[in-house]
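Below: one structure, written as structure tokens.
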Amino acid sequence: MKILMKSALKDKEFSARKALDENNIEVQLFEGFYGEEISLDEYLDTIINSGLNISVIHTPLVEGEAVEIDRFYEKRIKNVFYKTCELSNMLGTKLKKNILVIVHCSMSFKEDIKNPNKIKLIDDTLLYALNKYSNISIAIENVTPIVTNRTGFYGRGGFLNDSCLYVSYFINKYGFKDRIGTVLDTCHALTTIKLLQYCKIDVTLEQYFDWNKQNVKLIHLANIGDNGYGKDNHGIGFIEGDDLVVLNDIMKLYFKYNYSCPITIEVIEKEYINPLNYLKTKENLLEILE
């Protein structure tokens, strides 16, 4: 099992990962990637010069502008998705390997499949990327039911098995089984489970592992505090006490459903150049795996 660490596309964070001998990296893009101040060649040079083994690139996370597949009708969102794919393909071509591009879900599959124009737009966008950029794969990640933007809160789909249903539909219709799949984000799943408990709706973590088992490409591993919302409750490390019970439960499900995909430890830090929560979570994960 490969364990990955998250990093921003910055020399300072890359150097910190290198100093820790953490070479397997998932790159997280941010708001600056929407702009044109830095060219793709410059981004590529930063990655190559790091000497790190970067195999995953996550589309930009920006409040109110996360890259979600059912927002491809927004030109800005679609363009930055293609830009992420292009950078990933440049890296894959340079290193002669496949790079995984992560995009969020947020669609309600059972409703959206009834809307042929919407489904065609999503299909066509993904098909264009897969056909044009031969050194990438795409993985669609489950999200949380409620999200914030610059004007407040809003609800969305994509928090149950929508990504799994869409990927199965896509593969059955177009193929690309080796190049499209899902990301199971445990923090998003646990947040959804907690929120639905308030509504007297019973969903379990085991259901997420069952839903994703056919086409999972990657796990994002993190815990929640309280209900999973708020800066200090989302993306918590597995440090001690009840955290370790949850981590053990997750890994039991990983093996029960015969997963073999990599795991990115995706936890918040006070200082990302001093990733104490990552290091402790990894230590605890490795103890379980012994």
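This structure is a prediction, so every number in the text was calculated from the model and none was measured.
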Query raised in the report: For Phe72, which residues count as a ring-ring contact (aromatic ring centres under 6.0 Å, His included) partner, sequence neighbours excluded?
Result: Phe81
Query raised in the report: side-chain hydrogen bond (donor to acceptor under 3.5 Å, both in side chains): which pairs involve residues 83-95, sequence neighbours left out?
Result: Thr93-Asn135
Query raised in the report: Looking at residues at least two apart in the chain, or sitting in another chain, which of them share a salt bridge (charged side-chain N to carboxylate O under 4.0 Å, His left out) with Lys120?
Result: Asp124
Using a 3.5 Å cut-off and no angle test, enumerate the donor-acceptor pairs between side-chain atoms of residues 18-25 and protein atoms at least two apart in sequence or in another chain.
| from | atom 1 | to | atom 2 | distance (Å) |
| --- | --- | --- | --- | --- |
| Lys18 | NZ | Gly51 | O | 3.1 |
| Asp21 | OD1 | Asn23 | ND2 | 3.1 |
| Glu22 | OE1 | Tyr278 | OH | 2.7 |
| Glu22 | OE1 | Lys282 | NZ | 3.1 |
| Glu22 | OE2 | Lys282 | NZ | 3.0 |
| Asn24 | OD1 | Asn53 | ND2 | 2.8 |

Requested in this report: Give me the other members of the hydrophobic cluster that Val143 sits in, counting Ile, Leu, Val, Met, Phe, Trp and Tyr linked by side-chain heavy atoms under 4.5 Å, directly or via other members.
Outcome: none
Query raised in the report: Do Glu266 and His220 get their side chains close enough for a donor-acceptor pair, meaning under 3.5 Å?
Result: yes
Requested in this report: Spell out, as yes or no, whether a donor-acceptor pair under 3.5 Å connects the side chain of Arg156 to the backbone of Thr144.
Outcome: yes
Please tabulate, for the side chains in residues 236-246, all donor-acceptor contacts under 3.5 angstrom to protein atoms that are two or more places apart in sequence or on a different chain.
| from | atom 1 | to | atom 2 | distance (Å) |
| --- | --- | --- | --- | --- |
| Asp243 | OD1 | Asn223 | ND2 | 3.1 |
| Asp243 | OD2 | Ile239 | N | 3.2 |

Query raised in the report: Do Asn277 side-chain atoms and Val267 backbone N/O form a donor-acceptor pair below 3.5 Å?
Result: no
Query - Proximity of His234 and His188 rings by center, below 6.0 Å - result: yes
**Report entry** Step-by-step salt bridge (charged side-chain N to carboxylate O under 4.0 Å, His left out) determination, Glu74 to Lys78
**Finding:** CA-CA 6 Å; Glu74 299 178 50; Lys78 182 192 279 190; over 6 Å; no
**Report entry** is_close_aromatic(Phe33, Tyr43), centroid dist under 6.0 Å
**Finding:** yes
Query - Heavy atoms from other residues, nucleotides or ligands near CD of Gln214 exceed 12 (cutoff 6.0 Å) - result: no
Report task. Please name the pair of heavy atoms, one in Cys85 and one in Ala129, separated by the smallest distance, quoted to 0.1 Å. Result -> SG-CB, 4.0 Å
**Report entry** More than 12 heavy atoms from other groups under 6.0 Å of NZ on Lys97
**Finding:** yes
Query raised in the report: How about Asp70 and Ser106: does a side-chain donor come under 3.5 Å of a side-chain acceptor?
Result: yes
